[in-house]
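The shown structure was predicted, so the numbers you read here are calculated from the model rather than taken from an experiment. FYI, side chains are in, hydrogens and waters are out, and symmetry mates aren't considered; it's all heavy atoms of this structure.
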There are 2 protein chains.
Amino acid sequence: MANEMLDDAVRSLRESGVRMTPQRHAILEYLTTGHTHPTADEIYRALEHRFPNMSVATVYNNLRVFREKGIVEEMNYGDASSRFDFVTTRHYHMICEGCGKIVDFNYPVLDDVETVAAHLTGFKVDRHRLEVYGTCPDCQSKVQ
Amino acid sequence: MANEMLDDAVRSLRESGVRMTPQRHAILEYLTTGHTHPTADEIYRALEHRFPNMSVATVYNNLRVFREKGIVEEMNYGDASSRFDFVTTRHYHMICEGCGKIVDFNYPVLDDVETVAAHLTGFKVDRHRLEVYGTCPDCQSKVQ
DNA sequence: TTATTAGATTGTAATCTTTATAATTAGTCT
DNA sequence: AGACTAATTATAAAGATTACAATCTAATAA
């Protein structure tokens, strides 16, 4: 079972002159294998047994590179640390205010907002970000 | 020229049992007089000449109170510190990726997104947040 | 295959933002 | 005015992220 997302990312990075190191590859692998929305520290702790000498700075450096190349999206929500999401298909985020859980959901891309916003502000629009906040089913049942 | 927004905020806070101190009043005043989207530190520095003994903690404490009461909105965007926005009418934010400038723009509230998201995820929806990123006119002319 | 070189990693310290804590001060209510 | 309780202050601490210099290594080509 090949990991196409991983392969694509590696290829795309190589093509733009980014070297592939074992640590870098492992971070990409982690992001593309079901681990959604981790923090930098979560990635670091998940990989430190494979790379006992890896520095936290390496995780941050790579996440910055990936962000700059459009491979991952960085999210700051609330007061916690940043979370990083491998960019695949366009989706938005539903965030639980109780436990911080993040769930993806699909919705038609809001192109009209970008058009209107560009017209009103004079900005050259690049992208937008939408997050919906609420209470997840687990936290709903806990409160009752 | 009275500041209605300020008066409303003070009244609403008083009614919910929040005491009005000179520092607290000054922070509200700052937020309602044309200073949009400041950081906690910007507020602190703007007021320290009037309140030489004021602590940074006071600014943070008050911003938390205001946020809990729905008087201000806290925004974390990018890697910088939180910015705080006095809540008036519903609006969204356009953010410049070049210089960090934030401009408000109005757009019909995206109720439908909340409904769909609630249906897809099972969350109980509370609110949403939308930000558009791009390049402001100033930065556009600089780049050329 | 080896040498080269620019980029990547490491380890650590430093920075920056935000929160915690305890003591003091000061609004608000009666 | 007095009492009660919240707010402020000052400081320390925590936590996340970045800076930096030294070392290492992936990619390239001889």
Between CZ of Phe66(B) and P of dA7(D) the distance, given in whole Å, is 10 Å
note: Arg14(B), atom CZ; dT5(D), atom C1'; distance rounded to Å ~ 16 Å
With hydrogens left out and only the distance checked, is there a donor-acceptor pair under 3.5 Å joining Ser55(B)'s side chain and the base of dA10(D)?
yes
note: Ile27(A), atom CD1; dA8(C), atom C1'; distance rounded to Å ~ 11 Å
Tested for side chain to side chain contact (heavy atoms under 4.5 Å, CB included) against Phe66(B), the lone hit among Val87(B), Leu28(B), Asn61(B) is Leu28(B)
The residue among Tyr30(A), Phe84(A), Phe86(A) that forms ring-ring contact (aromatic ring centres under 6.0 Å, His included) with His35(A) is Tyr30(A)
By nearest-heavy-atom nucleotide on DNA chain C, the more 5' of Phe84(B) and Arg19(B) is Phe84(B)
Separation of dT28(D) atom P from Glu15(A) atom CD, nearest Å, is 12 Å
*asked:* With a 6.0 Å cut-off on the ring centroids, do Tyr92(B) and His128(B) count as close?
replied: yes
note: Asn62(A), atom CG; dT18(D), atom P; distance rounded to Å ~ 13 Å
Separation of dC24(D) atom C1' from Met54(A) atom CE, nearest Å, is 16 Å
Next on the checklist: So Arg64(B), base contact, sugar-phosphate only, or nothing? Heavy-atom distance under 4.0 Å.
Outcome noted: nothing
5'-most contact on DNA chain C (nearest-nucleotide basis), Thr21(B) vs Ala40(B), goes to Ala40(B)
To the nearest angstrom, the CD-P distance between Glu42(A) and dA16(D) comes to 10 Å
Which part of the nucleic acid, if any, lies within reach of Pro52(A) when heavy atoms closer than 4.0 Å are counted: base, sugar-phosphate only, or nothing? nothing
Considering only heavy side-chain atoms of Ser81(B), the closest of dA7(D), dT17(C), dT10(C) is dT17(C)
| said: Tell me whether the side-chain N/O atoms of Tyr60(B) come closer than 4.0 Å to OP1 or OP2 in dT19(C). | reply: no
Is the phosphate of dT9(D) approached by Gln23(B) (side-chain N or O, under 4.0 Å from OP1 or OP2)?
yes
Side-chain N or O of Thr39(B) less than 4.0 angstrom from OP1 or OP2 on dT17(C)? no
Checking dT11(D), dA26(D), dT9(C) against the side chain of Ala57(B) (C-beta onward), the nearest is dT11(D)
Distance-only criterion, 3.5 Å: show the donor-acceptor pairs between side-chain atoms of residues 115-124 of chain B and protein atoms not counting sequence neighbours.
| residue | atom | partner | partner atom | Å |
| --- | --- | --- | --- | --- |
| Thr115(B) | OG1 | Asp111(B) | O | 3.2 |
| Thr121(B) | OG1 | Ala117(B) | O | 2.7 |
| Thr121(B) | OG1 | Phe123(B) | N | 3.2 |

May I ask you to verify if any side-chain N or O of Asn61(A) is less than 4.0 angstrom from the OP1 or OP2 atom of dT9(C)? no
To the nearest angstrom, the CE-P distance between Met20(B) and dT8(D) comes to 9 Å
Which of dA27(D), dT18(C), dA8(C) is nearest the side chain of Arg24(A)? It is dA8(C)
Would you mind checking if Glu15(B) and Lys69(B) are paired as a salt bridge, meaning a charged N to carboxylate O distance below 4.0 Å? no
